Amino acid sequence: MESTYSQLAWIIPLSPLVAFFILLSIGRQLKQYGGYLAVLASLISFIISVLIFIERTGSEMQNYTWNEWEWLSVHTVTLTMGFEINNLNTLMLLIVSFVSVLVNLYSIGYMKDDDRLNVYFSYIALFTFSMLGLVIAENLVQLYIFWELVGVCSFLLVGFWYFKPEAKAAAKKAFIVTRIGDVGLFIAILLLFWHMPNHSMSFSDISNAFTQNAIEPGIVTLIAILIFIGAMGKSGQFPLHTWLPDAMEGPTPISALIHAATMVAAGVYLVARTFPIFEASATAMTVVAIVGAFTALFAATIGVAQNDIKRVLAYSTVSQLGYMMLALGVGALSAGMFHLFTHAFFKALLFLAAGSVIHAVHKQNMQEMGGLGVKMKITAWTFAIGALALSGIFPFAGFWSKDAILTEALHQNVWYFIVGLTAAFFTAFYMSRLFFLVFAGKARTPHEGHEPHESPAVMTIPLIILAILAIGAGFVFTPFNPWFGEWLTGSAEEHTNWTVIILSNLVGLLGIGLGYLMYIRRSVSSDVISSRAPGLYRLVHNKYYMDELYQLIIITPLKGLGYGLRFFDNYVIDGVVRLSATSALYVGRLGARMQNGQLQAYGVASLVGIVLLMIIFVGRRFWNVG
């Protein structure tokens with residue numbers, strides 16, 4: 001069937017780009033209406049994405065590709081630019097554009113008092129353009145261009161409150177750490193260009209080449225692992241995860257847009273987009289699965305001991321991205337993308353609800369909160385729905401997607417399943433801890449200025465919409481309804497395992513129950529770990545000292561190398577240059593003094609010269625005689 005709406009896909013990234021240029025040029029004149037322009041631009045992108053999605057679900061559709069713009073031509077090699085629409089990136093277009101609409105709408109209320117309001121919305125528009133351009137890129141070089149633009153936008157948005165030292169440091173850290181991964185991706189692109197037939201970089205040609213085993217196995221593994229290193233940077237996989245929690249220094253809506261639902265998902269999408277490369281290497285698939293499983297458990301344990309509400313959610317994001325990578329590593333593409341789909345809704349919901357709390361109490365430390373459930377009922381109920389979805393409790397969306405991953409992990413390796421199940425327990429526990437500390441009981445510290453109250457409708461409406469999706473989005477791919485998997489990949493992965501279903505739900509309930517006993521009933525001391533194993537608590541609370549290890553192993557040696565090179569440059573290279581210049585200067589000054597026009601000075605100089613010549617002559621005679 002011929003694609004109709006797919007031909008209009010170029011409008012999807014163009015719409016927020018136009019909004020960016022308008023806000024950049026006449027943002028001051030628009031005053032408080034800039035936010036509505038940003039909402040309209042993202043809404044246009046969302047509507048076209050919905051039309052493409054409906055078109056692609058109506059009947060069997062072929063992928064639509066337009067790549068007629070010749071961007072660069074060198075000898076016989078031509079690089080094109082264009083766009084491609086398939087089921088995988090149609091799903092991503094829906095997620096990115098929809099979350100962008102809600103975040104822009106929410107930001108109208110959350111950021112209304114900010115002096116740089118329209119600059120903020122222009123940054124969001126540029127980010128949305130970059131992410132949507134990345135999604136529909138027809139070839140890997142084009143994807144890399146947008147990949148770097150996404151990184152720039154992250155730097156701008158994380159450091160939006162540049163007057164805060166923490167925000168500036170977080171922006172630089174995010175930019176530098178993700179660049180490490182980007183180097184891996186760039187080298188992978190160079191290797192692909194060298195080894196691909198006709199040097200083609202289009203995703204369709206890459207898929208054909210690796211499906212037909214046209215490239216030797218060692219190179220395939222190297223390319224796949226290098227691509228994964230790029231994905232590790234963007235998607236916060238261990239050990240390149242350290243930037244993501246610090247990125248919470250940006251405005252809370254940005255945390256929801258970039259660091260929960262879209263930018264961090266770019267790494268998962270990259271692996272899914274280049275999945276034929278990974279399928280051609282069992283070693284690469286194992287690496288992806290191990291790193292994903294370890295990241296899921298590692299970040300979940302850290303989340304247990306954090307007190308900043310946004311940092312708890314940040315580590316939960318790292319953990320859930322680990323689940324997605326685990327799914328891809330065991331070959332479960334549908335399960336991994338399904339979790340990305342459901343996670344986008346309930347994690348955006350949790351961040352926006354956390355923003356509603358911060359907007360009301362002007363603090364982020366959970367230990368200083370409490371009792372907000374009575375005063376902020378919409379926020380409390382929607383947050384509870386998001387927390388239950390993240391904890392994998394039946395029948396919320398996160399339960400179905402996490403169950404699909406755990407089932408596939410069990411089929412592949414029982415240790416993957418055990419690690420995933422353990423991470424699920426910690427997730428349920430720290431989310432119940434967060435909810436009870438913030439919304440239950442009584443306020444533990446006095447509120448500054450005014451009593452907390454519910455956020456305005458422009459902020460609560462997005463919460464309600466996302467809460468509905470956090471409940472219902474999971475039903476598109478259940479053991480009884482394999483539609484999502486069949487639509488996405490053409491073949492549904494079997495994930496009906498009642499043992500997994502019961503165990504995953506039971507583990508989630510145990511985590512919530514432990515949180516209830518600790519923070520509501522108080523029958524279990526919340527200080528049991530810190531009092532009985534203070535060393536273990538400090539280790540987890542300080543994030544396993546990963547930042548300190550980076551400082552010790554990488555940053556300090558590099559600084560030492562830098563100081564050494566600067567010393568060599570200043571005192572050896574520049575020293576030789578300065579010595580030459582100084583010597584010439586003094587020789588010149590000596591010559592100038594000697595050529596002063598005074599006859600007696602010339603006579604003295606001649607006399608000295610004659611004496612020196614005589615001494616040299618006599619000395620040589622005596623030397624020869626001896």
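Computed from a predicted structure; not experimentally measured.
- Of the N and O atoms on the side chains of S316 and K347, at least one donor lies less than 3.5 Å from an acceptor on the other residue.
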Would you mind writing out the side-chain donor-acceptor pairs for residues 175-188 within the sub-3.5 Å range, not counting sequence neighbours?
from: T178; atom 1: OG1; to: A174; atom 2: O; distance (Å): 2.6
from: T178; atom 1: OG1; to: F175; atom 2: O; distance (Å): 3.2
from: R179; atom 1: NE; to: E148; atom 2: OE1; distance (Å): 3.4
from: R179; atom 1: NE; to: D182; atom 2: OD2; distance (Å): 3.0
from: R179; atom 1: NH1; to: F175; atom 2: O; distance (Å): 3.0
from: R179; atom 1: NH2; to: E148; atom 2: OE1; distance (Å): 3.3
from: R179; atom 1: NH2; to: D182; atom 2: OD2; distance (Å): 2.3
from: D182; atom 1: OD1; to: W147; atom 2: NE1; distance (Å): 2.7

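- Counting only distance, with no hydrogens or angles, the side chain of N67 and the backbone of M81 share no donor-acceptor pair below 3.5 Å.
- The CG atom of L240 lies 9.5 Å from the OG1 atom of T295; values are rounded to the nearest 0.5 Å.
- Here the closest heavy-atom approach between residue A272 and residue L333 is recorded as CB-CD1, 3.5 Å.
- Note on ring orientation: taking the six-membered ring where Trp is involved, the planes of Y120 and F160 are perpendicular (angle over 60°, cut-offs 30° and 60°).
- Judged by distance alone, with hydrogens and angles left aside, the side-chain atoms of W487 form a donor-acceptor pair with the main-chain N or O of R56 at under 3.5 Å.
- For the pair E55 (side chain) and T4 (backbone), a donor-acceptor distance under 3.5 Å is present.
- Within the 3.5 Å criterion, the main-chain N or O of G82 finds a donor-acceptor partner in the side chain of Q142.
- The two residues A296 and S319 make their nearest non-hydrogen contact at O-OG, 2.6 Å.
- Every residue two or more places apart in sequence or in another chain that forms a ring-ring contact (aromatic ring centres under 6.0 Å, His included) with Y106 is listed here: Y110.
- Although no hydrogens or angles enter the test, the distance criterion places a donor-acceptor pair under 3.5 Å between the side chain of S49 and the main chain of S45.
- Taking 4.5 Å as the limit, some side-chain heavy atom of M285 sits within range of a side-chain heavy atom of F275.
- Interatomic distance, F426 CZ to M431 CE, rounded to the nearest 0.5 Å: 16.0 Å.
- Ring pair F345/F98 is perpendicular by interplanar angle, where above 60° counts as perpendicular and below 30° as parallel.
- Under the rule for a ring-ring contact (aromatic ring centres under 6.0 Å, His included), the partners of H199 that lie at least two apart in sequence or sit in another chain are F193.
- Inspection of the S401 and T342 side chains reveals an N or O donor paired with an N or O acceptor under 3.5 Å.
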Query raised in the report: Would W483 and T57 satisfy side-chain contact (heavy atoms from CB on, under 4.5 Å), going step by step from the backbone distance to the final call?
Result: CA-CA 10 Å; W483 174 84; T57 55; 3.7 Å; yes
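- Ring geometry for F477 versus F484: interplanar angle of 30 to 60°, hence tilted.
- For F475 and W400, the gap between ring centers is short of 6.0 Å.
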**Report entry** side-chain contact (heavy atoms from CB on, under 4.5 Å) assessment of F341 paired with L91
**Finding:** CA-CA 8 Å; F341 171 71; L91 176 69; 3.5 Å; yes
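- Scored by the salt bridge (Lys or Arg N to Asp or Glu O under 4.0 Å) test, K310 finds no partners at all (sequence neighbours excluded).
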Query raised in the report: Which is it for L270 and I227 under the side-chain contact (heavy atoms from CB on, under 4.5 Å) test, yes or no, and what are the steps along the way?
Result: CA-CA 8 Å; L270 175 65; I227 290 175; 3.9 Å; yes
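- The main-chain N or O of I393 is never found under 3.5 Å from a side-chain atom of S391 such that the two would form a donor-acceptor pair.
- Contact detail for A470 and A389: the closest heavy-atom pair is O-CB, 4.0 Å.
- Note that CG of L140 and CE of M201 are 6.5 Å apart. Values are rounded to the nearest 0.5 Å.
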Side-chain atoms of residues 124-135: list all donor-acceptor pairs with protein atoms under 3.5 Å, sequence neighbours left out, distances to 0.1 Å.
from: T128; atom 1: OG1; to: S100; atom 2: OG; distance (Å): 3.3
from: T128; atom 1: OG1; to: I124; atom 2: O; distance (Å): 2.8
from: S130; atom 1: OG; to: L126; atom 2: O; distance (Å): 2.9

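- Not a single donor-acceptor pair under 3.5 Å links the side chain of S154 to the backbone N or O of V150.
- Of the possible polar contacts, one joining the T286 side chain to the A282 backbone as a donor-acceptor pair under 3.5 Å is found.
- Summarising the geometry, atom OH belonging to Y144 is positioned 11.5 Å from atom CG belonging to L149; distances are rounded to the nearest 0.5 Å.
- Listed by chain and residue number, S200, S202 satisfy the side-chain hydrogen bond (donor to acceptor under 3.5 Å, both in side chains) test with D205 (two or more places apart in sequence, or in another chain).
- How far CD1 of I277 is from CD1 of I225: 12.5 Å, rounded to the nearest 0.5 Å.
- Remark: aromatic rings of H241 and F298 are close, center separation under 6.0 Å.
- Formation of a donor-acceptor pair under 3.5 Å by the Y64 side chain with backbone atoms of N86 is not found in this model.
- Classified by interplanar angle (parallel below 30°, tilted 30° to 60°, perpendicular above 60°), the ring pair H343/H339 is tilted.
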Requested in this report: Begin with the C-alpha distance, continue with both residues' side-chain angles, and end with the deciding distance and a verdict on side-chain contact (heavy atoms from CB on, under 4.5 Å) for T274 and I206.
Outcome: CA-CA 8 Å; T274 57; I206 289 173; 5.7 Å; no
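- The CZ atom of F383 sits 8.0 Å away from atom CG of L349, with the distance rounded to the nearest 0.5 Å.
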